Amino acid sequence: MQAVQEAIRGASPEAIQRHYDVGNAFYRLWLDHSMSYSCALWVGEADSLEAAQMRKIDYHIAQARAAGAAHVLDVGCGWGAVLKRLTTVHGAGRAVGLTLSREQEEWAAATADPRIKVRRESWVDHIPTAPYDAIISIGAFEHFARPEWTTEEQTLAYRRFFARCHDWLRPGGWLSLQTIAYGSLDHEETRTSANRSFLLGEIFPETELPTLGAIVAACDGLFEIVTLRNDREAYARTCHGWSKRLVARRREAVAVAGAEVVARFIRYLKLSAILFHQGHTNLLRIAFRRLKEPRP
Ligand SMILES: C[S@@+](CC[C@H](N)C(=O)[O-])C[C@H]1O[C@@H](n2cnc3c(N)ncnc32)[C@H](O)[C@@H]1O
């Protein structure tokens, strides 16, 4: 039982905090105003990062059929941009967000909107107070598996996630998921590449990316995949935009986070832009409809 429990916990809270708790003052310098830290949805050359991030959030709210819903869950809520948009613009009654980061929890709690509840808790431990009408998860699924796991353990962990979402959703509910996934590179080849050991070792410890195949296998019999898009060029543009903003604010960033951290983040953002552009990594946005009669 212990082994099974461990096999569904991805990156530990300590590993998540190592990345996300560098400091809110640092992230504020180069993220957009909403503090969205995931791939934006761009339209046209002149689009701004702010507008593209809001469009992404609205896209997921629409895909999850969450507008006007009474109770919505955001798994991996970051600094709370989706929660805020749900309650202030889309008429959601209550929005619950889960994060493992202390700084994100503090930031999102400062919103002081009684309709929003942020919990520093893994989805593995979450017990809803009432069924959810819709679930959104953007940029967190990447952390749900560990590098040392076998393919079977990884798929089992994802299946547990989909099974929980199935249990938590009302009949007819939707889940809108956004995640990075391995692209054209052979999975085994990436396990030994220098870029991978930098990104998944130094930047995102205890983290392993999914393949589309693992996601499809894991949700089988629980959810129907209704739409699937790969927006990897959108993530290349987002990472490129972030790195330009961070370079422009380098002096202030060094003052709040130190030169080593800033150099590491610039390297990671530039490298990520290239990997998305070349198709080594994909950016998947998937809308799932809950199946009424789950199959084991
Ligand atoms: C890249 S950030 C994305 C934040 C936000 N969704 C956005 O788009 O700006 C990843 C988020 O996933 C959360 N996370 C990672 N593993 C988690 C887990 N097991 N349970 C809940 N949240 C988790 C992190 O704490 C962080 O808030």
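Quick caveat, the model's predicted, so the values are computed rather than measured. Counting starts at 1 for both ligands and their atoms, following the listed order.
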Salt-bridge contact R237-D47 (side-chain N to carboxylate O under 4.0 Å): no
Plane angle bin for W30 and Y27 - parallel if under 30°, tilted between 30 and 60°, otherwise perpendicular: tilted
Residue and atom name of the nearest protein heavy atom (relative to atom 19 (N) of ligand 1), distance in Å to one decimal: S122 OG, 3.1 Å
Atoms in ligand 1 flagged as close to W123, the criterion being non-hydrogen separation under 4.0 Å: 18 (C), 19 (N), 20 (N), 21 (C)
Atoms of ligand 1 close to T99 [distance to a heavy atom under 4.0 angstrom, numbered from 1]: 22 (N), 24 (C), 25 (O), 27 (O)
Parallel, tilted or perpendicular: rings of H126 and W168 (30°, 60°): perpendicular
Side chain H19, main chain I203, donor-acceptor under 3.5 Å: yes
For ligand 1, the portion of I138 having any non-hydrogen atom under 4.0 Å away: both
Atoms in ligand 1 with a heavy atom of Y20 nearer than 4.0 Å: 1 (C), 2 (S), 10 (C)
Within residues 68-85 or reaching into it, pairs that qualify as side chain to side chain donor-acceptor pair (under 3.5 Å) - sequence neighbours excluded: N24-W79, D58-R85
Aromatic centroids of F265 and W242 separated by under 6.0 Å: no
contact_flag S36 ligand 1 heavy-atom lt 4.0 Å: yes
The single option from V262, I266, L269 passing side chain to side chain contact (heavy atoms under 4.5 Å, CB included) against V247: I266
Nearest-option assignment for atom 6 (N) of ligand 1, heavy atoms, candidates G139, G76, G78, A15: G76
Identity and separation of the nearest protein heavy atom to atom 27 (O) of ligand 1: Q104 OE1, 2.6 Å
Residues in side-chain contact (heavy atoms from CB on, under 4.5 Å) contact with R115, at least two apart in sequence or another chain: T87, T88, D113
Contacting atoms of ligand 1, where contact means under 4.0 angstrom from a heavy atom of S101: 25 (O)
Min heavy-atom dist E121 to ligand 1 below 4.0 Å: yes
Between S38 and K56, a side-chain donor and acceptor under 3.5 Å: yes
Per atom 17 (C) of ligand 1, closest listed option by heavy atom (V124, V75, L100): L100
Test of proximity, K56 against ligand 1: N or O pairs below 3.5 Å: no
Nearest-neighbour protein heavy atom for atom 8 (O) of ligand 1, which is reported as residue plus atom name and distance: S38 OG, 2.5 Å
Numbering as shown, the atoms of ligand 1 that approach L98 to under 4.0 Å (heavy-atom distance): 22 (N)
Atoms in ligand 1 flagged as close to A140, the criterion being non-hydrogen separation under 4.0 Å: 12 (O)
Nearest-neighbour protein heavy atom for atom 9 (O) of ligand 1, which is reported as residue plus atom name and distance: Y37 N, 2.7 Å
Check ion pair E106-R120 (N to O, under 4.0 angstrom): no
